[in-house]
Protein chains: 2
Amino acid sequence: MAHRPPPPPARPRRRPPRPPGKPPSGRSRDTEEAFLAGYDLAAFPRPSVTVDVVLLTVDRTVPTSAPRLHAVAYERTEHPDRHKHALPGGFVRLDESLDQAAARILRDKAGLEGLFVEQLYTFGAPQRDPRGRVLTVAYYALVGPERLADLALRSSARVHLVDVPWAGETGGPVDLLAGPGEPLPLAFDHADILGMAVKRLRGKLDYTPVGFQLLPAEFTLRALQDVHEAVRGETVNKDSFRRRMLAGGMLEATGEREPATYHRPAELYRFVKRSSV
Amino acid sequence: MAHRPPPPPARPRRRPPRPPGKPPSGRSRDTEEAFLAGYDLAAFPRPSVTVDVVLLTVDRTVPTSAPRLHAVAYERTEHPDRHKHALPGGFVRLDESLDQAAARILRDKAGLEGLFVEQLYTFGAPQRDPRGRVLTVAYYALVGPERLADLALRSSARVHLVDVPWAGETGGPVDLLAGPGEPLPLAFDHADILGMAVKRLRGKLDYTPVGFQLLPAEFTLRALQDVHEAVRGETVNKDSFRRRMLAGGMLEATGEREPATYHRPAELYRFVKRSSV
DNA sequence: AAAATAGTGTCTATGAGACACTATAGT
DNA sequence: ACTATAGTGTCTCATAGACACTATTTT
């Protein structure tokens, strides 16, 4: 949730006012230093800017049903949209980049570092936040389910099922589910943000090695297929999937085998960056 | 260029200050209205936000050489980066969406409306603008060369050759050329923005009907192939290209033929939205 | 007629999907 | 032995690339 209450005694830092008698417009022949000294960015109204992060995972811990895509959200405790759920987020600080802000939010709100994180889209409808003009630069991050095991111990964040009501890469808003058939209302335009994240991930899955980001370091081909099916929301052809993955040159057999199965154990593979290309 | 000097007598509009004696933090049981009235967004420092637009076209008016990708830029007349070239841009107003800001910039700075416009990426490195913290939400727009014919009469914008130093969808900064082998320095991080636009367009070309946006309403298959080759920076197979395009169901034969050729004239096609899917 | 490009028909290589079959674990 | 999944081999079909050939305009 990008929309925390402000810290109690913080007044906005003002930009230094423009020195009098030196209008920066016109055809002055000043040096760049003089120009910058006389320039007042605050002459233009500025929006507030937050970063919201869609933290996605594929929960394979329920062995009875097919793995599904899940996302992390918090229940808001304050107005506006109190009791609705929101994505982890926060205001951008003036001394950090947008990428750094996304990494900071993941660290502070979920205790996670070193994840795959990518900028998604910037949402800027004028009325998207009733408190005023707030842009949000949305990011999405991918994490294996094993790294979310103790998330509830570290924070008030929870992992919820993602319910995508459209096929392929059509796009549109996406809601979370609290339980079977029980939608979880999302705050602000976060359903749009979540929908954009799912659409982006589906588009990237086929031609970039992004599926590995949702698995532990060593995994079976079946687990990788589960991830692809969870993200795409449909089953994929087993034979073709295996061939494509093995032909891609991004998988390295470990020689180890999957432990503790009640059937033939599958070989474990590891992701390797492609040397060429 | 997103970085104009401020208008002479404009002071920043201040958010209404928070009413005293009603701190919004804590577990107050206020109504949402009361909460919002007491909320001061200015408690967090706010960056300036601009929108920059990469306006791309494929210039096929030079019949002797292969068509190439071109982009619109202005020479900056003020510090910083004076005399370098910049993309059309401007500050986001608080009462307009980001998409509206991009459309307004295209209208005001290039006199163009109704183009294909899509958000690209948001650039927010803390030091990308020496005047202070300025984020820019980059957009790209596509236009047929015939609509840029009188651009120079309407504005100081010029169309420059795009020089992509990488292949495929690798990505990286991209410069403009003033003439053959004569690079045109770009202001700020606009080479990164331009590079991102080329990368995005290349990626979209194969699976979305975006190529038509760079052509007039009626065009030959050869012209469409020229556009694809210009965007991709490499030749494509003629036979396969024709089959793919005709099989896609997005082209409609007009029955008309290309005028004034010194060889067999090709049939003119028109883009039609696919009914199904 | 010559030149130049538009457009068609056909062969081949590649990859996805389908399916049959074998292999190996637990029970 | 039975069951469930892993993994392999082979066939078919769809599509991209290559290439030969025909068609139609201006000069």
Side-chain angles (χ1 to χ4, degrees), chain A residues 60-67 168 202 205-209 211 215 218-230 232 234-270 274 277, chain B residues 60-67 168 202 205-208 211 215 218-230 232 234-270 274 276-277:
Chain A
R60 301 183 67 249
T61 57
V62 184
T64 55
S65 64
R202 284 188 177 181
L205 198 62
D206 284 329
Y207 61 97
T208 59
L215 289 167
E218 301 192 346
F219 50 86
T220 66
L221 283 176
R222 175 70 217 181
L224 184 58
Q225 182 179 345
D226 281 342
V227 164
H228 279 243
E229 292 181 343
R232 298 182 49 162
E234 59 186 21
T235 60
V236 306
N237 183 277
K238 169 191 154 190
D239 312 69
S240 174
F241 182 80
R242 295 178 67 88
R243 263 177 308 186
R244 263 209 330 271
M245 288 300 142
L246 294 173
M250 294 183 294
L251 291 182
E252 185 181 64
T254 64
E256 303 291 311
R257 305 206 151 246
E258 181 183 23
T261 60
Y262 69 105
H263 52 71
R264 172 176 172 176
E267 179 154 22
L268 290 172
Y269 288 84
R270 170 189 312 128
R274 301 184 62 178
V277 175
Chain B
R60 301 184 67 249
T61 58
V62 185
T64 55
S65 65
R202 284 189 178 180
L205 198 61
D206 284 330
Y207 62 97
T208 60
L215 288 168
E218 301 192 346
F219 50 87
T220 66
L221 283 176
R222 176 68 218 184
L224 183 57
Q225 183 178 344
D226 280 344
V227 164
H228 278 244
E229 292 183 342
R232 298 181 49 161
E234 61 188 19
T235 59
V236 306
N237 183 277
K238 169 191 155 191
D239 312 70
S240 174
F241 181 80
R242 295 178 66 88
R243 261 178 310 186
R244 262 209 331 271
M245 288 301 141
L246 293 174
M250 294 182 294
L251 290 183
E252 183 182 64
T254 63
E256 303 290 311
R257 305 207 150 244
E258 180 181 25
T261 61
Y262 68 106
H263 52 73
R264 173 176 173 178
E267 180 154 20
L268 289 172
Y269 288 83
R270 170 189 314 126
R274 301 183 62 178
S276 62
V277 173

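If you're wondering where the values come from, they're calculated on a predicted model, not measured in any experiment. So you know, we letter chains A, B, ... as the sequences are listed, proteins then strands, and number each from 1.
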Task: Length of the line joining A/Asp226:CG and D/dT5:C1', which is rounded to integer Å - done: 12 Å

Task: Presence of donor-acceptor pair under 3.5 Å, side chain of A/Lys238 and base of D/dG7 - done: yes

- [ ] Would you classify A/Arg244 as touching base, sugar-phosphate or nothing, given that sugar-phosphate means primed atoms plus P, OP1 and OP2, and contacts are heavy atoms under 4.0 Å?
- [x] sugar-phosphate

Open item on the list: Over all strands shown, is B/Glu267 touching base, sugar-phosphate only, or nothing at heavy-atom distances under 4.0 angstrom?
Closed with: sugar-phosphate

Task: B/Asp239 bridged to B/Arg243 by N-O distance under 4.0 Å - done: no

Open item on the list: In whole Å, I'd like the distance from the CZ atom of A/Phe241 to the C1' atom of C/dG17.
Closed with: 15 Å

Task: B/Arg257 CZ to D/dA23 C1', straight-line distance once rounded to whole Å - done: 10 Å

- [ ] Would you kindly give the CD-to-P distance between B/Gln225 and D/dG17, to the nearest whole Å?
- [x] 11 Å

Open item on the list: Using whole Å, what does the distance between atom P of nucleotide D/dG17 and atom CD of B/Glu234 come to?
Closed with: 10 Å

Task: Electrostatic pair B/Lys238-B/Glu229, nearest N-O below 4.0 angstrom - done: no

Open item on the list: Of the options D/dT5, D/dG7, C/dA6, whose atoms approach the side-chain atoms of A/Tyr262 most closely?
Closed with: D/dT5

Task: Which nucleotide in C/dA16, C/dG7, D/dT8 has an atom nearest any side-chain atom of A/Ser240 - done: C/dA16

Task: Rounded distance (Å) that lies between atom P of C/dA4 and atom CD of B/Glu258 - done: 16 Å

Open item on the list: Just the rounded figure in Å: distance from C1' of C/dA6 to CG of B/Leu224.
Closed with: 15 Å

Task: Test item: B/Glu252 side-chain N/O and B/Tyr269 main-chain N/O as donor-acceptor pair under 3.5 Å - done: no

TODO: For A/Arg222 and D/dA4, give me the distance from atom CZ to atom P, rounded to whole Å.
DONE: 15 Å

Open item on the list: Using the rule given for side-chain contact (heavy atoms from CB on, under 4.5 Å), can you reason through B/Leu221 versus B/Gln225, listing the C-alpha separation, both sets of side-chain angles and the distance that settles it, and then say yes or no?
Closed with: CA-CA 6 Å; B/Leu221 283 176; B/Gln225 183 178 344; over 6 Å; no

- [ ] Give the intermediate values and the outcome of side-chain contact (heavy atoms from CB on, under 4.5 Å) for residues B/Phe241 and B/Thr235.
- [x] CA-CA 11 Å; B/Phe241 181 80; B/Thr235 59; over 6 Å; no

Open item on the list: Both B/Asn237 and A/Arg243 contact DNA chain D. Which one's nearest nucleotide lies toward the 5' end?
Closed with: A/Arg243

Open item on the list: Under 4.0 Å from OP1 or OP2 of C/dG7: is there any side-chain N or O of B/Arg242 that close?
Closed with: yes

TODO: By nearest nucleotide on DNA chain C, pick out whichever of A/Arg264 and B/Asp239 is the more 5' one.
DONE: B/Asp239

